[in-house]
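Sequence lines set the chain letters: A, B, ... in the order given, protein chains first and strands last, and positions in each chain run from 1. These numbers come from a predicted model, not from an experiment. The figures that follow rest on heavy atoms only: side chains count, while hydrogens, waters and symmetry mates do not.
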Amino acid sequence: MEETIIAQRRQKVADLRERGDHPHANDFRVTHLAADLHDTYADAERWTSEVLEADAIEVSLAGRVKAVRKFGGMVFLGLVDGSDVCRPGDQTAIGRRDIQAALFKKVLRDGHPDSWARLELVDLGDIVGVRGTVMRTRRGELSIQVSELRILTKTLRPLPDKWHGLTDVAARYRQRYVDLIMNDEVRRAFRTRSRVVSYIRRFFEDRGYLEVETPMLQPIYGGAAAKPFATHHNALDLPLFMRIAPELALKRLVVGGFHRVFEINRNFRNEGVSTRHNPEFTSLEFYEAFATYDDLMALTETLLAGLVQAVLADRGDAADAPIIEYQGVALDFSPPFRRLPVLEGLVTYAGLAPEQVHDRAALEAAAARVGAKVKPDLPLGYLQMAVFEEACEPHLIQPTFVTDFPLDVSPLSRKKDSDPRLVDRFEIYAAGRELGNAFSELNDPDDQRGRFEAQVSARAAGDDEAHPMDDDFIRALEFGMPPTAGEGIGIDRLVMLLTDAPSIRDVILFPLLRPEA
RNA sequence: GGGCCAUUAGCUCAAUUGGCAGAGCAACGGACUCUUAAUCCGCAGGUUGAAGGUUCGAUUCCUUCAUGGCCCA
């Protein structure tokens, strides 16, 4: 049947050619977007059908045919263009992308008979251009009274059900183009993603940060606890890894005197796929010399609160407070966010006494109690974090800075001056999920070498997410990195929160899938 | 990796403890000059995800596989 439909449409392509119409014409010029007309002529009191008829405002518009309603002597075409997500000029305004074209046989027969004839060859999904005047129908709908109709792109495949759209999840991801044609809320989510990145870029540029790009292909990977993708450079016969984080490259730039840098780019981690993980994902990382992780908490509060309000404003829900609903829960990003030291979390949520938080036996008992799976002989910090993740994370619904992590799990962070078992580090949580990770950077090269060595030992003991040694990074620190604080924020997870998306695949245009059979 | 669920027309979904595979939308033919999920009449469209098995008979039961979803690891 699909073949039948395609064959029928190929016949229409041939018919178009026969009548001298190019089925993929590119000489139609657009003067207006649908959103322009809605913005300009929305006021039905002022722009009555009489006024519009008298003014006879000429416009040319192009879009995809989403609806055809025929009445013998007249036809309505429901068109959509792209003006809901992108428009020249003011990018802060979301517009309506739908506009109706009205074709009257009586008008076209005298003025442009070809256009009336072409209606026979128009299918749902085709991309057409219409020239005409702005009008308002008897029902009050802003429309274009068409004086010329062109088929600009004749399509071969039928669109999904006009009412139910495309709901099959696999099909939506595999054929995202169809998803985007059919589902306006999907279009809006990806527009929001674009606005979020734009906001972040402006936020850091305004604070004197320099945007940089550092290598995706690295001989030595590092900067996070994760498994990399391995690849190979043929000409140099060089094994390479896709980066798991830009951290070590960005800190080399701080050594070089780029004291405020940020990068928004892709990371790659060779891990499973889930509603919260895609093997390639986008992160923001930024580094500021002469700052501490305390400063970054304040910066993060400002960034996220402003971002939430910008997103609310962009979708037309301007609000006084930066409160956004995620999966039915209102998240309040009004500063200051809650601070929760890791060890305090163990006391509050894992039932440990304050004097037990460094006690292996007590931690192991707590791990068993809360259902955290731990291997024997783990360094104490791993044990603490395993208990923390199981017992505390589900409670971190409102934005929370989890602070002062164990040193064992923080090979790149500065030791706390007050307690060398801990580091000056925080993670920002919301909706029970980690959104970002930050610390005062370790800039003592000897300490850093020792931490790498501990990581290498952990790797030898079977931790395949432990860091490899990076001698050049040590050398860079030996040239002196100023006291610095740095942070990474997962853009995809942030956009999930801001678009109320339950799955990371809803905020990645083309998520990784198995190839089609 | 494990458990559960799903896969039927282009799309969205039905199909009685195993008994003729259906509807709406889209398509196709027709009527219709203000509809907006237009309406009305007519017509057509299927290797029921794949392979195998049980059975007189399988969309339905069993096995394996594929793809996806949810939960767990």
Taking only the side-chain nitrogens and oxygens of [X], find out if one of them lies under 4.0 Å from OP1 or OP2 of [N].
| X | N | value |
| --- | --- | --- |
| A:Lys162 | B:A38 | yes |
| A:Arg174 | B:G68 | yes |
| A:Thr4 | B:G45 | no |

Starting at atom [atom1] of [X], determine the distance to atom [atom2] of [N], rounded to an integer number of angstrom.
| X | N | atom1 | atom2 | value |
| --- | --- | --- | --- | --- |
| A:Arg69 | B:C25 | CZ | P | 15 Å |
| A:Asp15 | B:C28 | CG | P | 12 Å |
| A:Ile504 | B:G68 | CD1 | P | 17 Å |
| A:Asp123 | B:G10 | CG | P | 17 Å |
| A:Ile5 | B:G45 | CD1 | P | 13 Å |
| A:Phe71 | B:C34 | CZ | C1' | 7 Å |
| A:Arg276 | B:G69 | CZ | P | 15 Å |
| A:Glu50 | B:C34 | CD | C1' | 14 Å |

Which residue in the set A:Arg188, A:Arg191, A:Arg97 passes salt bridge (Lys or Arg N to Asp or Glu O under 4.0 Å) when paired with A:Asp84?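 Among A:Arg188, A:Arg191, A:Arg97, the one meeting salt bridge (Lys or Arg N to Asp or Glu O under 4.0 Å) with A:Asp84 is A:Arg97.
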
If we count only N and O atoms by modelled type, under 3.5 Å, do the side chains of [X] and [Y] hold a donor and an acceptor together?
| X | Y | value |
| --- | --- | --- |
| A:Asn267 | A:Glu280 | no |
| A:Ser274 | A:Arg505 | no |
| A:Arg425 | A:Ser410 | yes |

Rounded to whole angstrom, note down the [atom1] distance from [N] over to [M].
| N | M | atom1 | value |
| --- | --- | --- | --- |
| B:C20 | B:U59 | C1' | 14 Å |
| B:C65 | B:G2 | P | 9 Å |
| B:U16 | B:U7 | C1' | 22 Å |
| B:U48 | B:U8 | C1' | 4 Å |
| B:G29 | B:G45 | P | 16 Å |
| B:G49 | B:C5 | C1' | 16 Å |
| B:A23 | B:A14 | P | 16 Å |
| B:C11 | B:C72 | P | 32 Å |

I need the minimum non-hydrogen distance between A:Asp506 and A:Tyr173, along with the two atoms involved.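 Looking at all heavy atoms of both residues, the closest pair is OD1-OH, 3.1 Å.
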
Closest non-hydrogen atom pair between A:Asp464 and A:Lys227, with its separation: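 Smallest interatomic distance, heavy atoms only, reads O-CG, 3.7 Å.
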
May I ask you to say what [X] touches in the nucleic acid, namely base, sugar-phosphate or nothing, with a heavy-atom cut-off under 4.0 Å?
| X | value |
| --- | --- |
| A:Lys70 | base |
| A:Ser503 | nothing |
| A:Lys12 | sugar-phosphate |
| A:Gly272 | nothing |
| A:Arg514 | sugar-phosphate |
| A:Asp168 | sugar-phosphate |

Would you state whether a donor and an acceptor, one from the side chain of [X] and one from the base of [N], lie under 3.5 Å apart?
| X | N | result |
| --- | --- | --- |
| A:Glu141 | B:U35 | no |
| A:Asp161 | B:G24 | yes |
| A:Thr137 | B:U35 | yes |

Quick one: which of [options] gets closest to the side chain of [X]?
| X | options | result |
| --- | --- | --- |
| A:Tyr173 | B:U36, B:A26, B:G69 | B:G69 |
| A:Leu513 | B:G68, B:U36, B:A38 | B:G68 |
| A:Trp163 | B:U12, B:A37, B:G69 | B:A37 |

From CA spacing to verdict: side chain to side chain donor-acceptor pair (under 3.5 Å), A:Gln11, A:Asp15: CA-CA 6 Å; A:Gln11 182 57 50; A:Asp15 292 348; 2.9 Å; yes

Under 30°, 30 to 60°, or over 60°: which ring-plane class applies to A:Trp47 and A:Tyr41, parallel, tilted or perpendicular?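 Correct class here is perpendicular.
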
Starting at the 5' end of RNA chain B, write a dot or bracket for each base, bracketing those in Watson-Crick or G-U wobble pairs whose two distances are under 3.5 Å and using | for partners on another strand. (((((((..((((.....[..))))..((((.......))))......(((((..]....)))))))))))).

Does B:U35 have A:Phe76 stacked on its base, where the ring centres are within less than 5.5 Å and the planes differ by under 30°? yes

Would A:Asp500 and A:Gln327 count as a side chain to side chain donor-acceptor pair (under 3.5 Å) if you check the C-alpha gap in whole Å, the side-chain angles of each, and the deciding distance to 0.1 Å? CA-CA 6 Å; A:Asp500 199 19; A:Gln327 302 293 291; 3.0 Å; yes

Both A:Pro158 and A:Thr275 contact RNA chain B. Which one's nearest nucleotide lies toward the 5' end?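 Its nucleotide being nearer the 5' end, the pick is A:Pro158.
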
Please set out all donor-acceptor pairs under 3.5 angstrom arising from side-chain atoms of residues 359-370 of chain A, sequence neighbours excluded.
residue  : atom : partner  : partner atom : Å
A:Asp359 : OD1  : A:Ala361 : N            : 3.0
A:Asp359 : OD1  : A:Ala362 : N            : 2.7
A:Arg360 : NH1  : A:Leu378 : O            : 3.0
A:Arg360 : NH2  : A:Leu378 : O            : 2.8
A:Arg369 : NH2  : A:Ala350 : O            : 2.6

